[in-house]
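Heads up, the thing below is written out as structure tokens.
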Amino acid sequence: KYKQMIMTVKDADKEEGIEIARRFEKIGYRIYATRGTAKVLQEAGVNAIRTNKIEQPSPNLMDLILDHKIDLVIDTPSQGVEHSKDGFVIRRNAIETGVNVLTSLDTATALVTSLENTDVKKLTLIDIATIDKR
């Protein structure tokens with residue numbers, strides 16, 4: 001476990017994203033964020049490390065994910081073709097390298113709440129799509 005995460009949130013989510021980032025930071029996460037998100041987080045006192053978007057030069061999001069140094073990606077996609085393509089590439093690569101990807105802040109809030117209240121060593125994320133629905 002690296003306790004390192006990437007955050008890239010759309011403008012409408014930035015305010016709520018600050019609080020979530022604060023909570024992850026408090027339980028020991030190092031937070032990488034794309035330019036806009038990093039700026040908002042840094043201005044709010046969260047120690048976010050700026051990283052480049054996929055189409056920008058290395059080191060970028062994909063390098064971090066492919067280096068297997070990231071446990072978690074929070075990516076709330078903006079509307080629009082370009083964004084969705086980026087988000088898709090991020091999510092696909094993250095899933096292929098076993099990184100958990102959250103695309104909604106509700107889920108991120110639920111996760112950080114459970115991490116705050118749990119011994120991380122005992123926690124396993126499961127894909128709810130794979131649960132046998134009896």
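Atoms considered below: every heavy atom in the structure, side chains included; atoms not considered: hydrogens, waters and symmetry mates.
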Under 3.5 Å: donor-acceptor pair, side chain of E25, backbone of N47
yes
More than 12 heavy atoms of other groups within 6.0 Å of R23 CZ
yes
The reported gap from CZ in R50 to CG in L41 (rounded to nearest 0.5 angstrom) is 13.0 Å
Review point. Counting N and O atoms only, with roles assigned by atom type, does the side chain of S104 sit under 3.5 Å from a partner on the main chain of T107, one being a donor and the other an acceptor?
Key: yes
Where the side chain of N100 meets the backbone of L72, is there a donor-acceptor pair that is under 3.5 Å apart?
no
(request) Without swapping roles, check the side chain of D13 against the backbone of V9 for a donor-acceptor pair under 3.5 Å. (result) no
- Task: Could you tell me whether E15 atom CD has more than 12 heavy atoms of other residues or ligands within 6.0 Å of it?
- Result: no
In short, L105 meets G17 closest at the heavy-atom pair CD1-N, 3.9 Å
Closest heavy-atom pair, T113 versus T109, reported as atoms and distance to 0.1 Å, is OG1-O, 2.7 Å
- prompt: Is the side chain of K69 donor-acceptor paired with the backbone N or O of M5 at a distance under 3.5 Å, no angle test?
  reply: no
What's the verdict on side chain to side chain contact (heavy atoms under 4.5 Å, CB included) for V46 and F24, showing C-alpha distance, side-chain angles and the deciding distance?
CA-CA 10 Å; V46 176; F24 272 105; over 6 Å; no
- Should D75 and R91 count as an ion pair when the cut-off is N to O under 4.0 Å? yes
side-chain contact (heavy atoms from CB on, under 4.5 Å) with V73: of L61, I90, L64, only one passes, and it is I90
Does T37 reach the main-chain N or O of A33 with its side chain, forming a donor-acceptor pair under 3.5 Å? no
Rounded to the nearest 0.5 angstrom, the CD1-CG distance for I27 and L115 is 4.5 Å
With sequence neighbours left out, the residues meeting side-chain hydrogen bond (donor to acceptor under 3.5 Å, both in side chains) with R92 are none
N52 side chain vs S58 backbone, donor-acceptor pair below 3.5 Å
no
| Are R22 and E19 ion-paired here, with the side-chain N under 4.0 Å from a carboxylate O? | yes
Of all heavy-atom pairs linking A94 and I65, the shortest is CA-CG2, 3.8 Å
- [ ] Carefully, step by step, assess N93 and M62 under the rule side chain to side chain contact (heavy atoms under 4.5 Å, CB included).
- [x] CA-CA 8 Å; N93 281 279; M62 205 45 69; 3.5 Å; yes
Separation between CD (Q42) and CD1 (I49), nearest 0.5 Å, reads 9.5 Å
- Message: I'd like to check T103 versus T76 (side-chain heavy atoms, cut-off strictly below 4.5 Å). Are they in contact?
- Response: no
Side chain to side chain contact (heavy atoms under 4.5 Å, CB included) between Y29 and D71, worked out = CA-CA 10 Å; Y29 270 80; D71 299 318; 4.2 Å; yes
TODO: Return yes if some donor-acceptor pair links the side-chain N/O of Q4 with the main-chain N/O of R30 below 3.5 Å, else return no.
DONE: no
Across all chains, not counting sequence neighbours, the side-chain hydrogen bond (donor to acceptor under 3.5 Å, both in side chains) partners of T51 are none
When rounded to the nearest 0.5 Å, the distance separating NZ of K14 from CD of E43 is 11.5 Å
